[in-house]
Amino acid sequence: TDPRAEVARLAADLRAALERHARAGRWSAPGGASPRSAPSMVEAAVMHPAPDAAVERPDVGELPGPRVRLSLAEVRAELGECTRCKLHATRKTIVFGAGSPQAPLMFVGEAPGADEDRTGEPFVGKAGELLDKMIEAMGFARGDVYIANVLKCRPPGNRNPQPDEVASCGGFLDAQITAVAPRLLVALGRPAANTLLGVDAPISALRGRFHDRRGLRVMPTFHPAYLLREPDRKRDAWSDLKQVMAELERLGVGPIRAK
Ligand code: URA
């Protein structure tokens with residue numbers, strides 16, 4: 001893992017722990033000063049989201065804490081007109097995510113490209129057309145699944161995401177996964193797989209088997225943009241997706257169509 005991302009995560013963990021202690025009356029700041037005011041429920045959940053699919057909303061009256069499951073609308077509201085990293089200066093549109101908020105299956109890509117930056121929708125360019133075909137071949141429609149990216153803003157020239165950008169944006173992807181609570185995740189390409197799994201490995205070393213992400217199973221596979229350049233690898237990607245279909249069937253999960 002990237003050391004800066006690790007430090008940011010540790011700092012967020014520490015802050016959340018101190019605030020939990022403060023709320024429970026077990027800690028006060030040195031010199032008797034009160035700790036920084038507790039974060040809003042939304043801010044806390046984005047900084048330190050609940051384990052995926054594990055935590056329901058707190059009962060009314062329970063103190064807001066970091067182990068909170070927000071709705072997608074709440075996560076989007078917290079993101080706001082984000083200026084947390086340098087990409088805000090060059091983006092046209094924030095690309096938050098799209099699809100069913102109760103999707104059993106979620107796809108995570110890398111970052112918006114030019115078409116997505118223009119329209120605000122993930123995966124609408126050439127790679128998106130191929131992703132739609134892959135989703136349909138699995139028996140789903142695009143609207144049955146949820147599609148998001150590691151980064152919500154386009155990196156200039158479609159360069160790879162940088163560690164500080166992933167660190168700024170990562171909490172929002174975590175919160176989206178917690179909100180949707182899919183049964184399975186598909187990571188499209190190396191940056192998505194490495195971010196979701198906290199590793200630094202080529203996609204060819206990760207794809208083809210399920211990995212665990214805090215209790216949620218993740219299938220890494222090739223990014224559709226790579227498949228457009230290397231169509232011979234479509235066979236491998238399809239074999240990965242067939243494993244996902246078999247696992248969904250084993251879980252008794254079909255498409256949940258939005259009414
Ligand atoms: N590539 C991605 O990784 N995400 C998009 O939304 C579009 C292209």
Side-chain angles (χ1 to χ4, degrees), residues 72 75-76 79 82 85 87-88 90-101 103 105-138 140-177 179-180 182 184-197 199-204 206-207 213 218-231 233-234 236-237 240-241 244:
L72 285 172
V75 181
R76 180 63 190 87
L79 183 61
C82 186
C85 85
L87 294 180
H88 81 273
T90 48
R91 71 153 186 255
K92 286 197 182 77
T93 321
I94 292 178
V95 180
F96 180 65
S100 165
L105 178 60
M106 180 165 169
F107 290 81
V108 177
E110 179 177 331
D115 295 311
E116 293 77 19
D117 185 43
R118 196 167 34 77
T119 59
E121 274 266 320
F123 281 100
V124 290
K126 286 269 171 281
E129 283 172 23
L130 179 55
L131 179 62
D132 286 352
K133 285 187 191 150
M134 290 156 68
I135 291 168
E136 279 158 25
M138 296 175 79
F140 290 89
R142 182 180 162 101
D144 297 327
V145 302
Y146 194 79
I147 306 174
N149 284 304
V150 172
L151 298 187
K152 312 297 182 232
C153 296
R154 182 191 184 202
N158 298 344
R159 63 157 171 73
N160 286 342
Q162 294 177 348
D164 61 310
E165 297 156 1
V166 176
S168 300
C169 226
F172 292 95
L173 177 61
D174 280 345
Q176 283 173 297
I177 295 169
V180 176
L184 296 177
L185 272 180
V186 175
L188 299 167
R190 178 177 181 150
N194 284 351
T195 302
L196 288 169
L197 301 176
V199 298
D200 184 13
I203 191 70
S204 53
L206 298 171
R207 60 154 288 272
R213 180 189 186 276
V218 180
M219 174 63 78
T221 194
F222 294 118
H223 193 286
Y226 173 79
L227 294 175
L228 290 173
R229 295 194 301 273
E230 302 283 343
R233 308 314 294 268
K234 283 185 187 172
D236 291 332
D240 302 343
L241 296 181
V244 172

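Both ligands and their constituent atoms are indexed starting at 1 by order of listing.
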Quiz item: E230 side chain to L227 main-chain N or O, any donor-acceptor pair under 3.5 Å?
Solution: no
Self-check item: Proximal ligand 1 atoms for P122, defined as those under 4.0 Å from one of its heavy atoms
Solution: 6 (O)
Practice problem: Take R159 and R154 through the side chain to side chain contact (heavy atoms under 4.5 Å, CB included) test and state the conclusion after the steps. | Solution: CA-CA 9 Å; R159 63 157 171 73; R154 182 191 184 202; over 6 Å; no
Quiz item: Under 6.0 Å between ring centres, would you say that holds for H223 and F107?
Solution: no
Practice problem: Kindly say whether K92 contributes a backbone atom to a donor-acceptor pair with the side chain of D117 at under 3.5 angstrom? | Solution: yes
Quiz item: Applying a strict 4.0 Å limit to heavy atoms, is A111 in contact with ligand 1?
Solution: yes
Quiz item: Heavy-atom contacts under 4.0 Å between E110 and ligand 1: side chain, backbone, both, or neither?
Solution: both
Self-check item: Under 4.0 Å to a heavy atom of G109 - the qualifying atoms of ligand 1, by number
Solution: 3 (O)
Quiz item: For L105, which of I135, L184, V180, L241 qualifies under side-chain contact (heavy atoms from CB on, under 4.5 Å)?
Solution: L184
Quiz prompt | Nearest neighbour in protein (non-hydrogen) for atom 4 (N) of ligand 1 | solution = N149 OD1, 2.8 Å
Quiz item: Between N160 (side chain) and P191 (backbone), is there a donor-acceptor pair under 3.5 Å?
Solution: no
Practice problem: Please say whether F123 places an N or O atom under 3.5 Å from an N or O atom belonging to ligand 1. | Solution: yes
Quiz item: Counting from 1, what ligand 1 atoms have a heavy atom of H223 closer than 4.0 Å?
Solution: 1 (N), 2 (C), 3 (O)
